[in-house]
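Following: one structure in structure tokens, then a few remarks.
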Amino acid sequence: MISEAMLETLQSIVPGENIHLKESMALHTTFRVGGPAECLIEIENATQLEKVQKYLGLVECPFVVIGNGSNLLVSDKGYKGVVLQIGKKMSQVTVAGNVVKAQAGALMSQVAAVAMQHGLTGLEFASGIPGTVGGGVVMNAGAYGGELAQVVVEVCVMDRNGEILVLDNETMEFGYRKSTIRKKPFVVTEVTFKLEPGDKDAIKAKIDELTVARREKQPLEFPSAGSTFKRPEGHFAGALIMDAGLRGFRIGGAMVSEKHCGFVINTGDATAADIVAVIREIQRQVKEQFNVDLETEVVFLGEF
């Protein structure tokens, strides 16, 4: 429980309007499901992050850091602890030459748009990815043959003691949907990209082309977390799910998209339990029929 004393201390660190008690996590995830967090705090800068982290550690209060919630499924029971959100209040993007620096809360689509405006190429693939750059580098987000590992040169992170560390591309140990940060208690605060000069019109044309491709092939009209599963070696998750006869399979308000079987979607009234049930049935049938283990890209938060 968040006591009055804890709330008072948190309000001395972060403006009161950035602190939300019993906040529905459905408002903070692209699945649009999830019960209430005991407390959600919108972080504005690294100083606030440092002080809040240290204090919550001191009082042994569980906490989790999220971005745009685009890769997150929160339990219907919510989260017993504090959610620190690094989002629009910490989303500044600056450009110097062919170097783009983005605070962790900047959306990848926002950074791709800024790069385009400055005639810089290399981030077109990220234009339709709904997450923040902070969350993006943690999982080495990618699409259409591109991934952040190709353009990231430095990642600023904060450890639990409030120390800022600068990790270069090699130290990040990027791999398919992973980085070293997945194994360490670091929070991304800023990402530096090195891009190439390009033709502004050609960059815009490429972004437009990818936008049309996404609209045609992905169920963007429904809440989801994007691709539900990682690509299993030697296979495509969507094809396996379709071949298993699960196109359109649904439980409650959760359904395997008929447009792209790699997406589990919220048709409007899904619960987190519905979505988990669909995911588990997909995993069971694909294992049974093809002996392939499907691992989720989606991160689960809370009790399921």
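Proximity of a side-chain donor or acceptor of S75 to a complementary backbone N or O of F304 within less than 3.5 Å is not detected. Proximity of a side-chain donor or acceptor of R32 to a complementary backbone N or O of G268 within less than 3.5 Å is not detected. Distance alone, capped at 3.5 Å, places no donor-acceptor pair between the E209 side chain and the K206 backbone. Judged by distance alone, with hydrogens and angles left aside, the side-chain atoms of N140 form a donor-acceptor pair with the main-chain N or O of A149 at under 3.5 Å. When atom types are taken as modelled, the side chain of Q103 and the backbone of Q92 share a donor-acceptor pair closer than 3.5 angstrom. Q110 places no side-chain N or O within donor-acceptor distance of the main-chain N or O of A102, the cut-off being under 3.5 Å. Looking only at distances, no side-chain donor or acceptor of D168 sits under 3.5 Å from a matching main-chain atom of E154. Judged by distance alone, the side chain of N266 and the main-chain N or O of V33 form no donor-acceptor pair under 3.5 Å. The backbone N or O of P130 sits less than 3.5 Å from a side-chain atom of N68, completing a donor-acceptor pair. A donor-acceptor contact shorter than 3.5 Å is absent between the side chain of S227 and the backbone of F229.
For the pair V278/V256, a side-chain contact is recorded, criterion being any heavy-atom separation below 4.5 Å from C-beta on. Side-chain contact between M90 and T189 is present, with at least one heavy-atom pair separated by less than 4.5 Å. Two residues are said to be in side-chain contact when any heavy atoms from C-beta on lie closer than 4.5 Å; K54 and E50 meet this criterion. Using a 4.5 Å heavy-atom threshold, the side chains of T121 and L195 count as separate. By the 4.5 Å heavy-atom criterion applied to side chains, E44 and V14 are not counted as neighbours. The shortest distance between side-chain heavy atoms of K80 and E303 falls below 4.5 Å. In this structure the side chain of I279 reaches within 4.5 angstrom of the side chain of T228, judged on heavy atoms. Side-chain contact between L240 and P232: present, with at least one pair of heavy atoms (C-beta onward) separated by less than 4.5 Å.
With hydrogens and angles left out, the side-chain atoms of K101 and T192 include a donor and acceptor closer than 3.5 Å. Residues T47 and K51 have side chains that never bring a donor and an acceptor to within less than 3.5 angstrom of each other.
Linking Ile, Leu, Val, Met, Phe, Trp and Tyr whenever their side-chain heavy atoms come within less than 4.5 Å puts V188 and L167 in one cluster. Cluster annotation: Y55 and I43 are assigned to the same hydrophobic cluster (Ile/Leu/Val/Met/Phe/Trp/Tyr, side-chain heavy-atom contacts under 4.5 Å, transitive). Hydrophobic clustering keeps F186 apart from L49 (ILVMFWY residues linked when any side-chain heavy atoms are closer than 4.5 Å, directly or through intermediates). Under the 4.5 Å side-chain heavy-atom criterion for grouping Ile, Leu, Val, Met, Phe, Trp and Tyr, I207 is not connected to I129 through any hydrophobic cluster. The cluster map of Ile, Leu, Val, Met, Phe, Trp and Tyr, joined by side-chain heavy atoms under 4.5 Å apart, puts V151 and V114 in the same cluster.
S70 approaches G131 most closely through the heavy-atom pair OG-CA, 3.2 Å. For V82 against L84, the heavy-atom pair with the smallest separation is CG1-CD2, 3.7 Å.
Between the CZ atom of F222 and the CZ atom of F31 there is a distance of 13.5 Å, given to the nearest 0.5 Å. Separation of atoms OG1 (T9) and CG (L7) is listed at 9.0 Å; rounding is to 0.5 Å. Taking OG1 of T29 as the reference point, atom CG of L301 lies at 10.0 Å (rounded to 0.5 Å). Rounding to the nearest 0.5 Å places OG of S179 at 8.5 Å from NZ of K183. Interatomic distance, NE2 of H260 versus CD1 of I241, reported as 9.0 Å (0.5 Å rounding). We find the CD1-OG1 distance between I251 and T271 to be 10.0 Å, quoted to the nearest 0.5 Å.
Sparse packing is recorded around CZ of F236, with 12 or fewer heavy atoms of other residues, nucleotides or ligands lying under 6.0 Å away. Under a cut-off of 6.0 angstrom, the local environment of CD in E196 is sparse, with at most 12 non-hydrogen atoms contributed by other residues, nucleotides or ligands. Counting heavy-atom neighbours within 6.0 Å of K204 NZ, excluding the residue itself, gives a total of 12 or less. Open room surrounds NZ on K217; 12 or fewer heavy atoms of other groups in view lie less than 6.0 Å from it. The environment of CD in E17 is crowded: more than 12 heavy-atom neighbours from other residues, nucleotides or ligands sit within 6.0 Å. Counting heavy-atom neighbours within 6.0 Å of E221 CD, excluding the residue itself, gives a total above 12.
Between K178 and E173 there is no salt bridge, since none of the side-chain N atoms of the basic residue sits less than 4.0 Å from a carboxylate O of the acidic one.
For R250, the side-chain hydrogen bond (donor to acceptor under 3.5 Å, both in side chains) test picks out T267, with sequence neighbours left out.
Between F193 and the choices V99, V133, V95, the side chain to side chain contact (heavy atoms under 4.5 Å, CB included) rule is met once, by V133. Remark: of the listed residues K230, R231, R177, K230 is the sole one forming a salt bridge (charged side-chain N to carboxylate O under 4.0 Å, His left out) with E295.
Through direct or relayed side-chain contacts under 4.5 Å between Ile, Leu, Val, Met, Phe, Trp and Tyr, L210 connects to Y144.
Figure legend: R280 and F300 shown as a cation-pi pair, the cationic atom lying under 6.0 angstrom from the six-membered ring centre and within 45 degrees of its axis.
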